[in-house]
Amino acid sequence: KSIKKMGLCNNDQCPLPGKKVERSKMLYCTRCRDAYYCSRDCQEAAWSDHREDCKERAEENAKFEQEMWIRDQIQCSGAFVIRGDFVSVLATATICICLYYIIAVFHRLW
């Protein structure tokens, strides 16, 4: 691989030409994981601007990860996710009975 992948530093005052740096050498904000920097100095210099968005992004990422964890737990228990809403389950048997009736209703409607 002779072509190096490049990334842009999020610091508006970055001293590098075009704010470009090799992606493999970039650092990122460990709180929100959305902002990338060429160096620790650039990250510290950009903190005052980044701080406003960081908390919001971190909360969004945490919420997304929690929803994915819940989705994985539901799918592992034999339940289903319908239209992106999570089905809370008391017992897998209850879901099986409900699905049986739902399928029966759809067959009658067709």
Side-chain angles (χ1 to χ4, degrees):
K1 292 185 175 182
S2 61
I3 299 175
K4 296 180 181 182
K5 294 180 181 179
M6 303 297 282
L8 293 176
C9 180
N10 279 21
N11 181 9
D12 292 334
Q13 307 302 321
C14 180
L16 295 176
K19 303 190 311 179
K20 292 183 181 178
V21 65
E22 259 184 76
R23 282 200 323 206
S24 63
K25 295 180 181 176
M26 294 187 84
L27 306 173
Y28 65 94
C29 176
T30 56
R31 185 177 184 195
C32 70
R33 299 184 305 253
D34 285 339
Y36 290 83
Y37 302 96
C38 65
S39 67
R40 176 82 177 155
D41 291 337
C42 270
Q43 186 176 13
E44 288 175 358
W47 175 242
S48 60
D49 294 331
H50 175 64
R51 179 184 304 168
E52 298 169 10
D53 296 326
C54 186
K55 183 178 180 183
E56 184 179 321
R57 290 179 187 175
E59 289 171 356
E60 289 172 4
N61 289 343
K63 183 179 177 183
F64 176 77
E65 287 174 5
Q66 182 181 25
E67 288 174 353
M68 291 299 101
W69 184 85
I70 291 170
R71 179 180 172 174
D72 290 344
Q73 297 307 309
I74 290 172
Q75 288 177 342
C76 288
S77 70
F80 296 89
V81 178
I82 301 173
R83 293 186 192 158
D85 297 329
F86 297 106
V87 179
S88 62
V89 195
L90 295 176
T92 305
T94 305
I95 290 182
C96 292
I97 292 169
C98 291
L99 288 175
Y100 174 79
Y101 285 110
I102 291 170
I103 292 168
V105 168
F106 277 109
H107 280 285
R108 287 184 194 144
L109 293 175
W110 288 359

Checklist line | Residues K5, S24; criterion side chain to side chain contact (heavy atoms under 4.5 Å, CB included); working and verdict | finding: CA-CA 8 Å; K5 294 180 181 179; S24 63; over 6 Å; no
Next item on the list: Taking all heavy atoms of Y37 and all of N10, pick out the closest pair and write down the distance.
Entry: CE2-CB, 3.6 Å
Next item on the list: Applying salt bridge (charged side-chain N to carboxylate O under 4.0 Å, His left out), name anything that partners E22, two or more places apart in sequence or on another chain.
Entry: K4, K25
Item checked: Heavy-atom pair with the smallest gap, counting every atom of K19 and C14 -> CG-CB, 3.7 Å
Check: Do Y28 and L16 sit in the same hydrophobic cluster, where Ile, Leu, Val, Met, Phe, Trp and Tyr count as joined when their side-chain heavy atoms come under 4.5 Å apart?
Finding: yes
Notebook entry, point to check: Can you check whether C42 reaches P15 side chain to side chain, under 4.5 Å on heavy atoms?
Noted result: yes
Check: Just wondering, do C32 and H50 contact through their side chains at under 4.5 Å, heavy atoms?
Finding: yes
Check: If two hydrophobic side chains count as joined below 4.5 Å and joins carry through other members, does Y36 share a cluster with L8?
Finding: no
Check: Is any NZ, NE, NH1 or NH2 atom of the basic residue among E59 and K63 found under 4.0 Å from an Asp or Glu carboxylate oxygen of the other?
Finding: no
Note to self: Give me the atom names and distance for the closest heavy-atom approach of A45 to N11.
What the structure shows: CB-ND2, 3.7 Å
Item checked: Where C9 and C38 come nearest, the two heavy atoms and their spacing -> SG-N, 3.5 Å
Notebook entry, point to check: What heavy-atom pair brings R31 and C54 nearest, and what distance separates the two atoms?
Noted result: CD-SG, 3.4 Å
Item checked: Beyond-backbone contact of N61 with D34, side-chain heavy atoms, under 4.5 angstrom -> yes
